[in-house]
Amino acid sequence: MSVNEKRTDGRFQMDRRVVVPKLVGNPKDFLIVSGLAGAVYDMSSLTDQGDYFYGLGGAMGGACMIGLGLALARPDKNVLVVTGDGELLMSLGSLCSIGVINPPNLTIVCVDNGHYGETGFQKSHTNRGVDLELFAKGAGISQTCTVSSEDQIEAGSKMLRRVGGANGTAFVLMTVAPTEAPKVPLNLDGADCRRIFLKAQRRAA
Amino acid sequence: MNAPKTAEPPVCWQDSLFELLVENGVTQISHVPDAGHSILIERAANEPRVHSVGLASEQEGVALAAGADLGGEKAVLLMQSSGVGNCINMLSLMKGSRFPFLTFVTMRGEYGEGNPWQYPMGQAVQPVLEAMGVICLRAERPEDVIPTAGAAMTMVWKSEQRVAVLLAQKLLGAKKF
């Protein structure tokens, strides 16, 4: 597939390496869970594998519900889930299970590049008309927005950070170009990641 | 002469199991609608100490349990044997990261089952769970349930294991067809 063909849809323009950090801001303001592939690279890079971050290297479709379990357990913290279009398409029911509870300390960011980057940039359903923000709305998630251009980042960031108050879960769809996420080394030892996360939370308690 | 003893109302094992879970600090109970779990689901919905989380599909409850653990809470997944099949790949999250995991599975497709559609998954539950690193304990009689659940909780939260308590169809009674 040519680069031109990948870029035919005007929604998928921004460089994730630039706009994901802009959207999230200081990652230490959150407990963060990421899905696999692009999202785990984005967040491993942004957090420098921080001890407040747990990222998946597999278990595709798990990120949103890990975020829900964490958000319910830690109402004192804001929980940020970062996922991709491919992972979210695999677990759309999770949006419904989250929407009916609608915890105000949970935000989901879907970095949507319209492709399965990890397996060779095959087009995903979002590149063929599927709108994941509409899914989130339909699931009953009360605050949603789409960020497709640089001038929309500020509004997305405000929603993500609950500027003006939180009355439920927020969902931010960020559409980006089908380009590589930052290729930082990952810690793929899940048990190690869990232990680091738990230790940091115990220390902070 | 002693007055004849009035019979105590029988306490069903479902109520005892719910109380055991809550007393032991379970705060997240996730579930897909199921006749065998209906008492626990109903009680979870009305228990202020518990987050009752309805699921669209069972694997969501596996991931939820991982998140609860990261937040220092204990979660339990209630499902039917058919739901075990929906959980398989998500169990790699639990085994790979050594998350504690406890599920109660109401069995179909075994003792006295009248619906042939229930057999393929029902008969596969234990080998499939064991292949994914989940230890299976079976309860066949009402008096087995509480000791088995107690043993399972020790295995899960003291030894950080993954355990499924299989509530046998013999215990639950086969659905009539």
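Here the structure is a predicted model, which means the values were calculated and not measured. So you know, we letter chains A, B, ... as the sequences are listed, proteins then strands, and number each from 1.
- Looking at A:S94, both its backbone and its side chain come within 4.5 Å of chain B, counting heavy atoms on both sides.
- Closest approach of A:G93 and B:E60 over heavy atoms only: C-OE2, 3.2 Å.
- Heavy-atom distances place the side chain of A:L198, and not its backbone, under 4.5 Å from chain B.
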Margin query: For a side chain to side chain contact (heavy atoms under 4.5 Å, CB included) check, start with the C-alpha distance between A:I66 and B:L93, then their side-chain angles and the critical distance, and finish with the verdict.
Written below: CA-CA 10 Å; A:I66 298 174; B:L93 168 66; 3.8 Å; yes
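- When all heavy atoms of B:A63 and A:G62 are compared, the pair lying nearest together is CB-O, 3.5 Å.
- Annotation: A:M90, atom CE; neighbour count of heavy atoms from other residues, nucleotides and ligands within 6.0 Å does not exceed 12.
- Contacts of B:S52 with chain A are made by backbone atoms alone, with heavy-atom separations under 4.5 Å and no side-chain atom involved.
- Ring pair B:F99/A:Y54: centre-to-centre distance below 6.0 Å.
- Only the side chain of A:R195 comes within contact range of chain B, with heavy atoms under 4.5 Å apart.
- In this structure, chain B has a heavy atom under 4.5 Å from the side chain of A:I101, while its backbone stays farther away.
- Sparse packing is recorded around OH of B:Y111, with 12 or fewer heavy atoms of other residues, nucleotides or ligands lying under 6.0 Å away.
- In this structure, the portion of B:Q28 lying under 4.5 Å from any heavy atom of chain A is its side chain and not its backbone.
- Around the CD atom of A:E154, the shell of radius 6.0 Å holds no more than 12 heavy atoms that belong to other residues, nucleotides or ligands.
- Only the side chain of A:L56 comes within contact range of chain B, with at least one heavy atom under 4.5 Å from a heavy atom of that chain.
- Separation of atoms SG (A:C193) and CG (B:L70) is listed at 10.0 Å; rounding is to 0.5 Å.
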Checklist line | Stepwise side chain to side chain contact (heavy atoms under 4.5 Å, CB included) check, B:V53 with A:V100 | finding: CA-CA 9 Å; B:V53 181; A:V100 297; over 6 Å; no
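- Environment of OH in A:Y116: crowded, with over 12 heavy atoms of neighbouring residues, nucleotides or ligands closer than 6.0 Å.
- Nearest heavy-atom pair, B:R98 versus A:R194, reported as atom, atom and distance to 0.1 Å: O-NH1, 3.3 Å.
- In terms of heavy-atom pairs under 4.5 Å with chain A, the best-connected choice from B:A56, B:S97, B:G71 is B:S97.
- The neighbour count for B:K158 NZ, taken as heavy atoms of other residues, nucleotides or ligands under 6.0 Å away, does not exceed 12.
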Check: Given the rule in the side chain to side chain contact (heavy atoms under 4.5 Å, CB included) test, do B:V62 and A:M65 qualify, once you have shown the distances and angles that lead to the verdict?
Finding: CA-CA 8 Å; B:V62 178; A:M65 290 303 284; over 6 Å; no
